[in-house]
Amino acid sequence: MASVLVVGATRGLGAALVKEYASDPTAITYATTRSEGAPDGFPDNVKWLSGIDLTNQNVGDNLSSQLKGEKPLDVVIINAGRFMTEDFSESGGPNWNDELTMYTVSSIAPLFILHRLVHNDRLKAGSKIILVSSEAGSITLRHEKEGGGNYAHHASKAALNMVGKLLSIDLKEKGIIVSIVHPGFMRTEMTKGVGFDKHWDEGGAVAPEVAAKSLVEWTETLDISKSGEYWAPRGPHFATDLFE
Ligand SMILES: NC(=O)c1ccc[n+]([C@@H]2O[C@H](COP(=O)([O-])OP(=O)(O)OC[C@H]3O[C@@H](n4cnc5c(N)ncnc54)[C@H](OP(=O)(O)O)[C@@H]3O)[C@@H](O)[C@H]2O)c1
Ligand SMILES: *[C@@H]1O[C@H](CO)[C@@H](O)[C@H](O)[C@H]1NC(C)=O
């Protein structure tokens, strides 16, 4: 009986992951929401942890205390993310508070959550941590043709990649596996919200349910030999194909 936690589970990929895991009646599926109480439209067997906001510095303790007395987690997927656009122009340049939000959610809160989960024995040898990053955080895949801009969204994912690498080293002796992933280009509110829906067709964007299935399969086959590595279970798409 697998037990899984999806952090940032209300919409998009997170919601699809929760539904995928909860479709197995033997699985225990925990899911987080920022609001109080469970959101609508999910199977009854999902266990909601409420008031979990990754901009709150107590988020790790809060989450961990809501899991007190529960059995250790086999899988933790940190999926929450924010994308607010920025450019380098005089008037539309970087916004301090937007940057704080993006870096905090993407690359600071995950570490604090995992620190509390590990030290409160919510994870055990063989547990798998999946950090949902993005190919947007890859320096190698960034070329001039895609342009600059969107500093905090892209750079906060690059920072998350390093957090994952360092965590894999710190958690190695405990036998806890860390995988950093690009889930694929998806048709979600995130990409629509930044105007990327105009690239959905040519960029091969998939429904989040499709990417969720790939990520669940990826997680099943994962072992310690890949800990600390960055992978794209569905392959890269967006940056490589779209701007040729
Ligand atoms: N979509 C893509 O093409 C794509 C590509 C590469 C990587 N990714 C990554 O995949 C992940 C999911 O993306 P998506 O497209 O499904 O995004 P989405 O539709 O915008 O959903 C984002 C999720 O994160 C939660 N979240 C945002 N800020 C939060 C906070 N401060 N505290 C707690 N939860 C918070 C949201 O909760 P609320 O409902 O409360 O806002 C929502 O459940 C993100 O990490 C994203 O960067 C996406
Ligand atoms: C978690 O945070 C929420 C929102 O701030 C709060 O309502 C709740 O009491 C906190 N729970 C715990 C166990 O700290």
Side-chain angles (χ1 to χ4, degrees), residues 5-19 31-42 48-69 77-85 97-98 100-110 112-113 116 120 130-138 141 150 152-161 164 180-197 199-200 203-212 214-215 230-239 242:
L5 166 66
V6 180
V7 176
T10 49
R11 299 184 276 121
L13 178 64
L17 285 165
V18 165
K19 288 173 184 168
T32 77
T33 169
R34 284 197 271 189
S35 44
E36 295 305 321
D40 294 330
F42 287 85
W48 286 95
L49 310 174
S50 58
I52 299 300
D53 188 328
L54 273 66
T55 59
N56 181 340
Q57 62 173 307
N58 298 320
V59 67
D61 281 322
N62 192 314
L63 184 53
S64 180
S65 67
Q66 291 191 50
L67 286 167
K68 210 171 181 166
I77 303 179
I78 311 242
N79 167 77
R82 287 297 296 276
F83 192 158
M84 294 135 121
T85 53
N97 287 326
D98 286 358
L100 278 183
T101 299
M102 286 184 272
Y103 278 103
T104 306
V105 171
S106 179
S107 39
I108 298 176
F112 283 77
I113 289 171
R116 295 326 303 152
N120 290 330
I130 311 293
L131 301 175
V132 179
S133 182
S134 171
E135 70 177 89
S138 164
L141 291 176
N150 295 328
H153 172 266
H154 299 351
S156 68
K157 292 297 194 183
L160 175 65
N161 297 346
I180 310 148
V181 298
H182 167 60
F185 184 33
M186 296 175 288
R187 298 168 186 258
T188 62
E189 286 172 34
M190 174 176 282
T191 49
K192 192 171 182 171
V194 297
F196 285 4
D197 50 336
H199 299 307
W200 279 354
V206 295
E209 291 74 18
V210 174
S214 302
L215 189 50
Y230 171 87
W231 285 83
R234 299 185 55 79
H237 255 302
F238 192 67
L242 201 53

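For this chain, numbers begin at 1 and follow the sequence in order. Read the numbers this way: they start at 1 and go in the same order the structure lists the ligands and their atoms.
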Can you list the atoms of ligand 1 that are under 4.0 Å from a heavy atom of [X]?
X	value
G81	22 (C), 24 (O), 27 (C), 44 (C), 45 (O)
H182	6 (C)
T191	1 (N), 2 (C), 3 (O)
I52	32 (N), 33 (C)
G8	43 (O)

I130 pairs by side-chain contact (heavy atoms from CB on, under 4.5 Å) with which of L17, V6, I77, I78?
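The option that passes is I77.
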
Applying the side-chain contact (heavy atoms from CB on, under 4.5 Å) criterion to V59, which one of T32, T104, I113 satisfies it?
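Looking at T32, T104, I113, the match for V59 under the side-chain contact (heavy atoms from CB on, under 4.5 Å) is I113.
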
Nearest protein heavy atom with distance in Å, relative to [atom]:
atom	value
atom 28 (N) of ligand 1	R82 CD, 3.5 Å
atom 15 (O) of ligand 1	T188 OG1, 2.5 Å
atom 12 (C) of ligand 1	N79 OD1, 3.1 Å
atom 4 (C) of ligand 2	G51 O, 3.7 Å
atom 42 (C) of ligand 1	T10 OG1, 3.4 Å
atom 35 (C) of ligand 1	A80 CB, 3.7 Å
atom 31 (N) of ligand 1	D53 OD1, 2.9 Å
atom 40 (O) of ligand 1	R34 NE, 2.8 Å
atom 5 (O) of ligand 2	N56 ND2, 4.1 Å
atom 32 (N) of ligand 1	L54 N, 2.8 Å
atom 6 (C) of ligand 2	N62 ND2, 4.1 Å

For S107, does its backbone N or O pair with a side-chain atom of S156 as donor and acceptor, under 3.5 Å?
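Answer holds: no.
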
CG/N62 to CD/Q57 distance, rounded to the nearest 0.5 angstrom?
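It comes to 12.5 Å.
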
Pairwise distance CG(L63) to CD1(I52) - rounded to 0.5 angstrom
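Answer for the CG-CD1 pair, L63 versus I52, is 4.5 Å.
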
With only distance considered, is F185 within less than 3.5 Å of ligand 1 through an N or O on each side?
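Not met; the criterion fails.
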
Short N or O distance, V105 and ligand 1, threshold 3.5 Å exclusive
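No - when backbone and side-chain N and O of V105 are compared with those of ligand 1, no distance drops under 3.5 Å.
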
Check the orientation of F83 and H153. Use parallel for under 30°, tilted for 30 to 60°, and perpendicular for over 60°.
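Rings of F83 and H153: parallel, as their planes differ by under 30°.
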
Atoms in ligand 2 flagged as close to E36, the criterion being non-hydrogen separation under 4.0 Å
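In order of numbering, the contacting atoms are 7 (O).
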
Can you list the atoms of ligand 2 that are under 4.0 Å from a heavy atom of S65?
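It comes down to these atoms of ligand 2: 13 (C).
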
Taking CZ in F112 as the centre, count heavy atoms belonging to other residues, nucleotides or ligands within less than 6.0 Å. Is the count above 12?
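Not more than 12 within 6.0 Å, no.
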
Measure the distances from the heavy atoms of [X] to every atom of ligand 1 and state whether one is below 4.0 angstrom.
X	result
G184	yes
S133	yes
P208	no
E135	no

Please find the pair of heavy atoms, one from [X] and one from [Y], that lie closest to each other, and give the distance.
X	Y	result
T10	P39	CG2-CG, 4.2 Å
Y103	A155	OH-CB, 3.2 Å
P183	A211	O-CB, 3.6 Å
S133	I180	CB-CG2, 3.7 Å

Regarding R234 and S214, is there a side-chain donor-to-acceptor distance under 3.5 Å anywhere?
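Checked: R234/S214 side chains pair up, N/O donor to acceptor below 3.5 Å.
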
Under 4.0 Å from atom 9 (O) of ligand 2, is there any protein heavy atom?
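Under the 4.0 Å cut-off, atom 9 (O) of ligand 2 has no protein heavy-atom neighbours at all.
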
